[in-house]
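Each remark here refers to the structure printed beneath this line.
Each chain gets a letter, A, B and so on, in the order its sequence line appears, and its residues count up from 1. Below, each value reflects all heavy atoms present in this structure, side chains not excepted, and no hydrogens, waters or symmetry copies.
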There are 2 protein chains.
Amino acid sequence: MSAITAARAEKLTIGKLSQLTGVNIETIRYYEKIKVLPVPSRAENGRRVYGPMEGRILAFVRRSRELGFSLDEVRALLRLGGPEKASCREVREIAAHHLDDIRAKIADLRKLERLLTKTVAQCTGTAAPKCPVLEILDIQRSR
Amino acid sequence: MSAITAARAEKLTIGKLSQLTGVNIETIRYYEKIKVLPVPSRAENGRRVYGPMEGRILAFVRRSRELGFSLDEVRALLRLGGPEKASCREVREIAAHHLDDIRAKIADLRKLERLLTKTVAQCTGTAAPKCPVLEILDIQRSR
DNA sequence: CCTTGATCCTGTAGTCGCTACAGGATGTAG
DNA sequence: CTACATCCTGTAGCGACTACAGGATCAAGG
C-alpha cells in the first residue's frame with residue numbers, strides 16, 4: 001500500500017526509485033557498483049531503467065540496513081532469499097548472530113551510560129577545583 | 001599505580017609509549033598528525049621522544065575514546081582541561097550531549113533487539129514456506 | 001527553435017578512526 | 001659483523017556512504 005508497492009508495475013528512473021524508496025541516488029549507484037543491487041537495464045540514452053523487482057530489492061536492502069545489517073550480511077540475505085530455495089536456517093543464523101552483536105552493543109552502551117550519568121551528576125557546573133568529568137578521564141596535569 | 005603512572009618520569013620511545021598506554025604505534029602517529037597529540041621533540045636520530053605529559057594526554061585520549069567520545073570531542077576536552085582555566089560547565093555540556101547520543105543509540109538498539117528477537121523466535125529452522133526473517137524484511141519475490 | 005533548469009551520466013575525492021603496508025634508515029644483541 | 005628489532009615517512013585500504021566536477025541529455029516555457 002506504500003509508495004513502494006505503488007511502484008510495482010512501472011519503469012522507473014533512478015530519481016523516481018530514489019524518491020519511492022527514500023534511498024539517495026548516489027547510494028543506489030553505489031549499491032550497484034558494489035554488487036548489492038543488480039545491474040539495471042539502460043534506456044537508449046544510457047540512463048538506468050528500473051523495474052518493480054529492483055524496487056523491491058532496494059526496499060529490502062534499505063530495511064535491512066535500518067535493522068543494522070552490514071552490506072555483506074545484506075548480500076548474504078539476498079542470496080538466501082533468492083530463487084535458489086531459501087534456507088531459512090541460514091537466514092536465521094545470520095539474524096541470530098546479528099542479534100548477538102546488537103545485545104553486546106547495548107550492554108556496552110549501558111555500562112557507559114551509567115558511568116557518564118554518575119559523573120555528570122557530580123558536575124555542579126561551577127568552576128570547581130576538580131571537574132569530575134575530567135577526573136574520570138584520569139587527567140591530572142602537573143598544574 | 002599503573003604502568004601509565006610508572007611512565008611519569010621517563011623519556012619514552014613511541015614503542016614504549018604504545019606498550020604503556022595500549023595505543024597502537026600507528027595510532028599515536030595518527031593522533032599527532034590530526035593534532036590530537038602535541039608534536040613531540042625528537043632525538044638526534046630523528047626519533048620521537050615522549051615525556052610524562054604526553055603519556056598522560058594519550059591515556060586521557062584513550063579513555064575518552066573508550067567512552068565513545070569522538071576525536072573532535074576529545075580535542076575539545078583537552079582544550080578545556082588545558083592550562084587556560086578549565087571550564088567545568090563546558091566540559092559538562094560536552095559530556096551531557098554525548099550522554100544524550102548514547103541514550104538515543106541504546107533506545108534504537110533496544111527497539112531493534114525486540115523486533116529481531118521476536119522474528120528469530122518464529123524461525124523453526126526448517127525450510128518453512130515463508131521465512132519470518134525475510135518476511136519482516138518485506139521481500140516477496142514474484143516466485 | 002532556443003534557452004533554461006532539472007535530471008542523468010562517470011569518475012574521483014572526502015568523511016571517521018584507524019590499520020596495514022612499502023621501502024628505507026637506524027639501533028641493539030649475539 | 002650480521003641479524004633483527006625498531007623507528008621513519010608516506011600512501012592506500014576499510015565500511016558505508018556523500019559530495020563534488022564536468023559533462024550529456026531531457027522537458028517545459030517563451
Classify A:Ile34 by what it touches in the nucleic acid, base, sugar-phosphate, or nothing, heavy-atom distance under 4.0 Å. nothing

Check: [Y] and [X] side chains under 4.5 Å, non-hydrogen atoms:
X       : Y       : result
B:Leu71 : B:Tyr30 : yes
A:Leu12 : A:Leu20 : yes
B:Val23 : B:Ser18 : no

Please report, rounded to the nearest Å, how far the [atom2] atom of [N] is from the [atom1] atom of [X].
X       : N      : atom1 : atom2 : result
A:Lys33 : C:dT10 : NZ    : C1'   : 10 Å
A:Gln19 : C:dA6  : CD    : C1'   : 12 Å
A:Leu12 : C:dT7  : CG    : P     : 15 Å
B:Tyr30 : C:dC16 : OH    : P     : 8 Å
A:Glu32 : C:dT10 : CD    : P     : 7 Å
B:Phe69 : C:dC16 : CZ    : P     : 18 Å
B:Asn24 : C:dT19 : CG    : P     : 5 Å
B:Asp72 : C:dC18 : CG    : P     : 13 Å

For the side chain of [X], counting heavy atoms from C-beta on, which of [options] is nearest?
X       : options                : result
A:Tyr31 : D:dC17, C:dG17, C:dC8  : D:dC17
B:Ile25 : D:dC7, D:dC8, C:dT10   : D:dC7
B:Leu71 : C:dT10, C:dG17, D:dC17 : C:dG17

Counting distance alone, no hydrogens or angles: does the base of D:dC8 have a donor or acceptor under 3.5 Å from a partner atom on the side chain of B:Glu26? no

Nearest heavy atoms of B:Ala95 and A:Val120, plus distance in Å: CB-CG2, 3.7 Å

Looking at [X], does any N or O in its side chain come under 4.0 Å of the phosphate oxygens OP1/OP2 on [N]?
X       : N      : result
B:Thr27 : C:dT19 : yes
B:Thr13 : D:dT6  : no
B:Arg29 : C:dA20 : no
A:Arg48 : C:dT10 : yes

Assign each of A:Arg42 and B:Ser70 the nucleotide of DNA chain C bearing its closest heavy atom; nearer the 5' end lies the nucleotide of A:Arg42

What string of B, S and - do you get for nucleotides 22-30 of chain C, 5' to 3', when a contact is any protein heavy atom under 4.0 Å? ---BBS---

Rounded to the nearest 0.5 angstrom, the CG-CD1 distance for A:Leu17 and A:Ile28 is 4.0 Å

What distance do B:Arg65 atom CZ and B:Phe60 atom CZ have between them, rounded to the nearest 0.5 Å? 12.5 Å

Any side-chain hydrogen bond (donor to acceptor under 3.5 Å, both in side chains) involving residues 38-54 of chain B? Give me the pairs, sequence neighbours left out, ordered by first then second residue. B:Glu32-B:Arg48

Can you pull out every side-chain hydrogen bond (donor to acceptor under 3.5 Å, both in side chains) where at least one residue sits in residues 96-114 of chain B? Sequence neighbours excluded, please. A:Arg103-B:Glu113, A:Glu113-B:Arg103, A:Thr117-B:Arg103

